[in-house]
Amino acid sequence: MKIKFLAAAVTATAIIAGTASVQAQKLDKFGADLGKKSVMGKEVRVPYTDLISYYGYIKPGATPDAKVGGKNYYYLYLWIPAVAPEVGVRMISPIPSSMSPEETDFVGADYKANEAERTNYFDTWITLEKASGVTKPEDIVAKGASASWNSFGVNDDSSEMPAQPSGSKYNSLMRVTSETSDPLKSLTIGLYRVGFTTFKTGDVQGSFLAQVGAPVKLPGVKIASNMEALMNAVMAK
Ligand SMILES: [Ca+2]
């Protein structure tokens, strides 16, 4: 009986592993660092209360938003309308096959125009930055254009994310905690951006899904591929 039970358990494990290797069909819930517990040696996280999604696509040969260290960088601008104790950012490429934009999701124009090519992907790398001195929606463009940006950190590859079609775990995830003692690193109302590139060799091209989560509700949080679009979205309410 015991041997039979073990064999059944091994088979079940193999089936689960087989399903997992097809992977990237859907993302797991995005869990917070805040309130994280260890239960029987496993990390248990409470999912973020607020989660916004941006579906994007970078065309081969697209003009980057910036060149940093010889790399093509792109930005997603983010308006955070309330104080957050923590913010998480993750990016997956390509967009998991079973996921598509819902009504409340943000969708880039290039995603809509290239939906048929959404299986193209790149090795993601992300950073979260905050603009100094932009605390009012009406200042997003005027002050954001010349603001200095302060990085909260970077992430290249996260083991928490599903593997890419190559089998490599090259997708990105990071969480940052508000440092209230430092205004440049406190998650207060203001203008932020997610910078992304591909850190290893190759170009940024293909579909991506970016998500920003917080353990508190952020009514009016918006994300857009440029500051003008972001300001319009925030001002429209
Ligand atoms: Ca990566």
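Computed from heavy atoms alone, side chains included, the values below leave out hydrogens, waters and symmetry copies. In listed order, ligands and their atoms are each counted from 1.
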(Q) Check for me whether R193 meets the cation-pi criterion with Y77, that is, NZ or CZ under 6.0 Å from the six-membered ring centre and within 45 degrees of the ring axis. (A)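 No, R193 and Y77 do not form such a contact.
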Q) Relative to Y111, does R118 satisfy both conditions: NZ or CZ under 6.0 angstrom from the six-membered ring centre, and within 45 degrees of the ring's axis? A)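 No, R118 does not sit over the ring of Y111.
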Q.
Parallel, tilted or perpendicular: which one describes the rings of F208 and Y54, with boundaries at 30° and 60°?
A. parallel
(Q) I'd like to know if E160 pairs up with R175 as an ion pair, taking the criterion as any Lys NZ or Arg NE/NH1/NH2 lying under 4.0 Å from an Asp or Glu carboxylate oxygen. (A) yes
Q. The Ca ion (ligand 1): which protein N, O or S atoms are under 3.0 Å away?
A.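 Per the 3.0 Å query on the Ca ion (ligand 1), atoms found are D123 OD1, T124 O, D156 O, D156 OD1, D157 OD1, Y170 O.
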Q | Residues N114 and K59: side-chain donor-acceptor under 3.5 angstrom | A |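 Short answer, no.
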(Q) For S186, give me all partners under side chain to side chain contact (heavy atoms under 4.5 Å, CB included), at least two apart in sequence or on another chain. (A) K130, S178, T188
